Amino acid sequence: MYSSVKYVVLVLLLVQILLLACNRKVAPTFEKDVASIIYAKCTKCHNPNGVAPFSLTSFDNIKKRAKTIAFVTKNRIMPPWPADYTYTHFVGEQVLSDEEIQILQDWVQAGCLPGDLTNAPNAPVYQFKSFLGKPDLVLTYSDTMYLKGDHLDRFYLMKFPYQMSQDTIVKAIEFVPGNTSVVHHVNGHIIQYDDGMKKDIFSGKRVISSDSIEADKVYSELDVANDDGSYPVLTQSAVNYLPGVMPTVYPEGLSGFKLKKQGAFLFKDIHYGPTSRDTFDYSRINIFFAKKMPARLTRELQMGTLGITDIEPPLVIPPNQIKRFITKAKINKDISILTINPHMHKLGKSFWAYALPPSGDTIPLIKIKQWDFNWQFFYTFKKMVRIPAGSTIIVEGIFDNTIHNKNNPFHPPREIAERAGSMRASDEMFQFIITLMDYQPGDENISLEP
Ligand code: HEC
């Protein structure tokens, strides 16, 4: 009797083990396993209106690239997310779990089984050239920009006048590059005209090459002034772009500023990196309106290049060297950090920022172990991060000016420096921009998920 119970238990155990083994062998299918991963983690860029060069929105176009997908996911090249996700977390974190990566590998290895395609989830639809949905106002170039394949950096001033029926509130502005391989950065401001101050906001030049004009002639060529010769209000840094940047938008009530019904966006400037063949760009600005003004205002703290803190030692990177630099900011009153943006150029190797409070543990901000010039995100924390008065924010950047850095613009390497804040891709920058507010109790519980 006793031994037959033992026997039954043994058989049951064997069956269990067999089942487990079989289960594990079931190859993943597109329908059950793969579609949901790709549609959640890839299509926001890989769609017909997206920034990536091809779509991953159907079984066919995913299968066609299966081998490359297996490669770029296994090596964590895609989805792009340079920040160390074991150090700090941000809104919109684009990271595959180890399990998801394994599913993609197994799927490709087993021959990309479709499963029942009629049952597969539908790819999300992206109707607009935007990460945020339908813009309320779109401004485009007056003409396509043609760029010569002569290996030169180009800087332009551009004006985009707009006329609306009434004043409004803006919660987000998005620059969408037309040609991601050449658009390097945009610093965009807004000229806001008070009612009745300028008859023809559309007059003046729309595009001027920065090299071809003296600084004091810029505003007259673009015809920026009011009719009486006085100058309108300039809203600084309303829209910025760096390679790979996605727009920052906070929940309703946390961001927004007034926009006059008449005005113009002013790129001062837009930088096109060097290209080896003739090409063109047709970028756009998407504007999103808000319902109400935020109760509190954000501001920026800019550290390092062009900022308020010195780089130690000064940013000069001798050839054939890997060199470390630091910049520090003392915080005098309690602040809440919303968003951070690390910035370096092509010699960047790693980037690390944290705060040392007067007492207590180090506050981690961001760690990028392998700097990637092509993905320079503005990282928004999931909840505001409080930095107490008396803290020091410390930013450490390591630059690699050896031949082992495959992005090194010079072979053999040359001395590279920060040249009076020059933004040419072959000069260097070491910069950390922090978007913050004065701290209010409870800030650390405010979610910044849109
Ligand atoms: C933030 C936008 C974004 C996301 C999210 C994203 N990609 Fe990409 N992907 C791009 C861009 C842009 C390129 C082109 C890059 C280039 O040319 O250097 C690209 C290139 C690729 C390539 C071609 C690489 C090569 O070397 O030819 C593959 C394959 C790819 N992505 C797969 C994926 C997969 C799979 C996912 C999701 C797991 C994903 N991507 C998520 C933007 C994105």
Side-chain angles (χ1 to χ4, degrees), residues 28 30 33-83 85 89-109 112 120-121 123-126 128-133 174-185 241-249 273-277 279 281 283 286 341-342 345-346 348 368 370-380 406-407 409 425 450:
F30 183 78
D33 312 280
V34 170
S36 57
I37 298 174
I38 302 278
Y39 296 164
K41 302 276 169 86
C42 317
T43 48
K44 79 168 167 185
C45 299
H46 289 275
N47 72 73
N49 276 319
V51 294
F54 52 86
S55 293
L56 295 176
T57 44
S58 73
F59 173 72
D60 289 332
N61 60 31
I62 292 165
K63 187 180 169 188
K64 201 166 78 190
R65 297 188 192 263
K67 281 218 178 86
T68 339
I69 290 174
F71 177 80
V72 295
T73 52
K74 187 173 176 195
N75 292 288
R76 292 193 181 276
I77 297 166
M78 286 283 149
W81 193 257
Y85 58 88
H89 295 287
F90 301 95
V91 170
E93 192 166 271
Q94 299 165 165
V95 177
L96 292 174
S97 66
D98 292 341
E99 195 194 352
E100 289 172 321
I101 293 176
Q102 194 54 50
I103 291 174
L104 294 174
Q105 308 306 309
D106 292 347
W107 180 65
V108 175
Q109 202 138 54
C112 305
V125 176
Y126 302 85
F128 308 99
K129 282 192 181 299
S130 169
F131 280 110
L132 302 179
E174 176 182 33
F175 172 84
V176 183
N179 185 339
T180 48
S181 65
V182 283
V183 180
H184 175 265
H185 81 237
Y241 179 81
L242 293 165
V245 151
M246 285 180 261
T248 303
V249 62
T275 165
S276 57
R277 56 191 168 87
T279 185
D281 175 48
S283 301
N286 292 333
N341 170 237
H345 286 175
K346 298 189 168 174
I368 296 177
Q370 182 58 61
W371 174 255
D372 187 340
F373 179 79
N374 292 312
W375 298 108
Q376 310 207 21
F377 296 130
F378 284 75
Y379 295 91
T380 296
K406 64 179 174 15
N407 295 319

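Keep in mind that what you see is a predicted model, and the values were worked out from it rather than measured. Start at 1 with the first residue, then count along the sequence. Whatever order the structure lists ligands and atoms in, that order sets their numbers, starting from 1.
No more than 12 heavy atoms of other residues, nucleotides or ligands shown are found within 6.0 angstrom of CZ on Phe71. Heavy-atom neighbours of Gln109 CD from other residues, nucleotides or ligands within 6.0 Å: at or below the threshold of 12.
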Any chance you could lay out the side chain to side chain donor-acceptor pair (under 3.5 Å) test for Ser58 and Asp60, step after step, and finish with the verdict? CA-CA 5 Å; Ser58 73; Asp60 289 332; 5.2 Å; no
Walk me through whether His185 and His345 qualify under ring pair (Phe, Tyr, Trp, His ring centres under 6.0 Å). CA-CA 11 Å; His185 81 237; His345 286 175; 8.2 Å; no
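Taking every heavy atom of Ile69 and a limit of under 4.0 angstrom, the matching atoms of ligand 1 come to 35 (C). Shown in contact with Lys41 at under 4.0 Å from a heavy atom are these atoms of ligand 1, numbered in order with element: 5 (C), 37 (C), 41 (C). Applying the 4.0 Å criterion to heavy atoms of Pro53 picks out, from ligand 1, the atoms 11 (C), 13 (C), 14 (C). Counting the atoms of ligand 1 from 1 in the order shown, those under 4.0 Å from a heavy atom of Phe54 are 21 (C), 22 (C), 23 (C), 28 (C), 29 (C), 30 (C).
Protein heavy atom at the shortest distance from atom 34 (C) of ligand 1 is Cys42 SG, 3.4 Å. At the top of the distance list for atom 3 (C) of ligand 1, counting protein heavy atoms only, stands Cys45 SG, 2.6 Å. With hydrogens left out, the protein atom closest to atom 19 (C) of ligand 1 is Met78 CE, 3.2 Å, a heavy atom. Scanning the protein for heavy atoms near atom 25 (C) of ligand 1, the closest one is Thr68 CG2, 4.3 Å. Considering only non-hydrogen protein atoms, atom 40 (N) of ligand 1 sits nearest to His46 NE2, 2.8 Å. Protein heavy atom in closest approach to atom 24 (C) of ligand 1: Val72 CG1, 4.0 Å.
Distance check, rounded to the nearest 0.5 Å: CG of Asn374 to CG of Leu242 gives 11.5 Å. Here CG of Leu96 is found 6.5 Å from OG1 of Thr73. Values are rounded to the nearest 0.5 Å. Interatomic distance, CG of Asn407 versus NZ of Lys346, reported as 7.0 Å (0.5 Å rounding).
Shortest non-hydrogen contact noted between Ser36 and Pro121 is N-CG, 4.2 Å. Closest heavy-atom contact between Ser55 and Asn47: OG-C, 3.3 Å.
Protein non-hydrogen atoms do reach within 4.0 Å of atom 38 (C) of ligand 1. For atom 9 (N) of ligand 1, the nearest protein heavy atom is under 4.0 Å away. Note that atom 15 (C) of ligand 1 has no protein non-hydrogen atoms nearby, at separations under 4.0 angstrom.
Residue contact check for ligand 1: Phe71 places no non-hydrogen atom closer than 4.0 Å to it.
Here Gln94 has side-chain heavy atoms under 4.0 Å from ligand 1, and that is the only part of it that gets that close.
Among the candidates Trp81, Tyr241, Phe90, the single residue satisfying the ring-ring contact (aromatic ring centres under 6.0 Å, His included) test with Phe377 is Trp81.
Of the listed residues (Ser181, Ala66, Ala40, Ala52), the one carrying the non-hydrogen atom nearest atom 11 (C) of ligand 1 is Ala52.
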